[in-house]
Amino acid sequence: MHYWLMKTEPEAFSIDDLERAGTEPWDGIRNYQARNFMRDDMALGDQVMIYHSNCKPPGIAGLGEVASQPYPDPTQFDSDSKYFDAGSDPEEPRWQLVDIKFVRKLKRLIPLDEIKQHADSLDGLVLIRKGSRLSIMPVDKPHWNYLLKLE
DNA sequence: GCCAACGTTGGC
DNA sequence: GCCAACGTTGGC
């Protein structure tokens with residue numbers, strides 16, 4: 001079992017949208033490191049923190065879990081999609097995704113600035129590493145537990 | 001809206 | 001393979 005954090009812009013797709021959808025293909029990831037996590041390291045049942053980015057305030061909004069094996073992101077072949085990738089070969093798709101299932105909303109959003117105040121206890125957490133822009137990242141189990149205690 | 005940090009592209 | 005130019009992310 002692995003633990004993860006996945007960012008989403010709530011204006012585009014929020015934890016409430018995930019709750020309504022139940023399960024959602026996590027499409028549009030166009031970063032190789034993030035793709036590799038989904039393709040190579042995620043397994044059914046892995047737990048995921050859903051993080052709201054590019055909003056006020058940014059922070060952890062809820063929990064989900066990995067609900068599929070990796071499979072090709074269909075938006076890469078959809079010329080009407082903003083995630084269309086003309087360079088991706090259908091025989092060997094460049095972008096893979098997993099489905100994410102809603103688990104629950106947190107009792108309150110845990111804001112980024114509060115998380116940063118616990119930097120000593122969360123040393124190594126990619127989210128608060130300087131300059132990190134990864135949209136999908138692993139979370140150590142102790143960090144996971146610590147973050148949930150802030151809820 | 002700004003801009004630092006990072007990733008990607010493409011000429012050479 | 002280098003690296004400048006450009007695009008994106010995402011906090012502030």
Side-chain angles (χ1 to χ4, degrees), chain A residues 2-21 24-42 46-66 70-100 102-140 142-151:
Chain A
H2 287 118
Y3 296 85
W4 306 94
L5 184 147
M6 299 171 90
K7 294 180 184 172
T8 181
E9 300 192 9
E11 207 162 292
F13 189 80
S14 71
I15 188 71
D16 293 317
D17 293 322
L18 182 61
E19 180 170 23
R20 274 189 289 274
E24 184 75 9
W26 211 258
D27 58 17
I29 299 299
R30 295 293 180 268
N31 169 280
Y32 288 105
Q33 217 179 335
R35 177 208 64 184
N36 292 349
F37 285 136
M38 289 199 289
R39 188 189 62 185
D40 304 333
D41 299 322
M42 283 191 181
D46 277 3
Q47 298 297 114
V48 181
M49 286 175 167
I50 306 297
Y51 175 92
H52 283 175
S53 69
N54 228 333
C55 58
K56 280 197 284 192
I60 299 166
L63 303 180
E65 74 175 46
V66 176
Y71 62 96
D73 181 343
T75 63
Q76 70 194 304
F77 303 122
D78 175 3
S79 56
D80 292 331
S81 168
K82 66 171 176 169
Y83 301 122
F84 178 64
D85 181 355
S88 182
D89 175 1
E91 297 298 312
E92 206 169 329
R94 180 177 290 171
W95 305 109
Q96 303 265 122
L97 53 70
V98 296
D99 291 344
I100 297 297
F102 176 80
V103 172
R104 68 177 178 91
K105 290 176 73 169
L106 297 192
K107 298 196 244 335
R108 67 180 186 104
L109 181 131
I110 304 172
L112 177 63
D113 61 359
E114 187 177 327
I115 294 168
K116 284 179 169 172
Q117 288 165 20
H118 295 267
D120 287 348
S121 305
L122 295 170
D123 187 41
L125 182 66
V126 179
L127 182 69
I128 55 173
R129 199 178 291 168
K130 183 171 152 53
S132 173
R133 293 181 321 177
L134 260 186
S135 57
I136 297 176
M137 66 191 75
V139 178
D140 295 342
H143 290 165
W144 175 281
N145 293 338
Y146 190 93
L147 287 166
L148 282 186
K149 279 192 193 136
L150 299 178
E151 183 180 359

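These values consider heavy atoms only, across backbone and side chains, with no hydrogens, waters or symmetry-generated copies. A note on names: the letters A, B, ... follow the listed sequences, proteins ahead of strands, and every chain is numbered from 1.
Contact check, Lys7(A) against dT9(C): no side-chain N or O comes under 4.0 Å of OP1 or OP2. Note on Tyr83(A): every side-chain N or O is 4.0 Å or more away from OP1 and OP2 of dT8(C). Residue Lys116(A) has a polar side-chain atom (N or O) positioned under 4.0 Å from OP1 or OP2 of dC12(C).
Residue Leu112(A) contributes atom CG, which lies 11 Å from atom P of dG10(C) at whole-angstrom precision. Rounded to an integer number of Å, the gap from CD of Gln33(A) to P of dT9(C) is 15 Å. Atom CD1 of Ile29(A) and atom C1' of dT8(B) are 17 Å apart (whole Å). The interatomic distance linking Asn54(A) (CG) with dC2(B) (P) rounds to 16 Å, in whole Å. Atom OH of Tyr32(A) is separated from atom C1' of dT8(B) by 9 Å (rounded to the nearest Å). We find that NZ of Lys56(A) is positioned 15 Å from P of dC2(B), with the value rounded to whole Å. Atom CE in Met6(A) sits roughly 17 Å away from atom C1' in dG10(C) (whole-Å rounding). Atom CD1 in Ile60(A) sits roughly 12 Å away from atom P in dG11(C) (whole-Å rounding).
The distance from atom CG of Asn145(A) to atom OG of Ser121(A), rounded to the nearest 0.5 Å, is 12.5 Å.
By the 30° and 60° cut-offs, the orientation of the rings of Tyr146(A) relative to His118(A) is perpendicular.
For the segment residues 126-137 of chain A, the set of residues with a heavy atom within less than 4.0 Å of an atom of DNA chain C comprises Arg133(A), Leu134(A), in numerical order.
With hydrogens and angles left out, the side-chain atoms of Thr75(A) and Arg30(A) include a donor and acceptor closer than 3.5 Å. Looking only at atom types and distance, the side chain of Trp26(A) has no donor-acceptor partner in the side chain of Asp99(A) under 3.5 Å away. In this model, no donor atom of one side chain and acceptor atom of the other lie less than 3.5 Å apart for Glu9(A) and Ser53(A).
Screening Leu97(A), Leu18(A), Ile100(A) against Glu24(A) for a side-chain contact (heavy atoms from CB on, under 4.5 Å) leaves a single residue, Leu18(A).
With a 6.0 Å radius and a threshold of 12 heavy atoms from other residues, nucleotides or ligands, Asn36(A) has its CG atom above the threshold.
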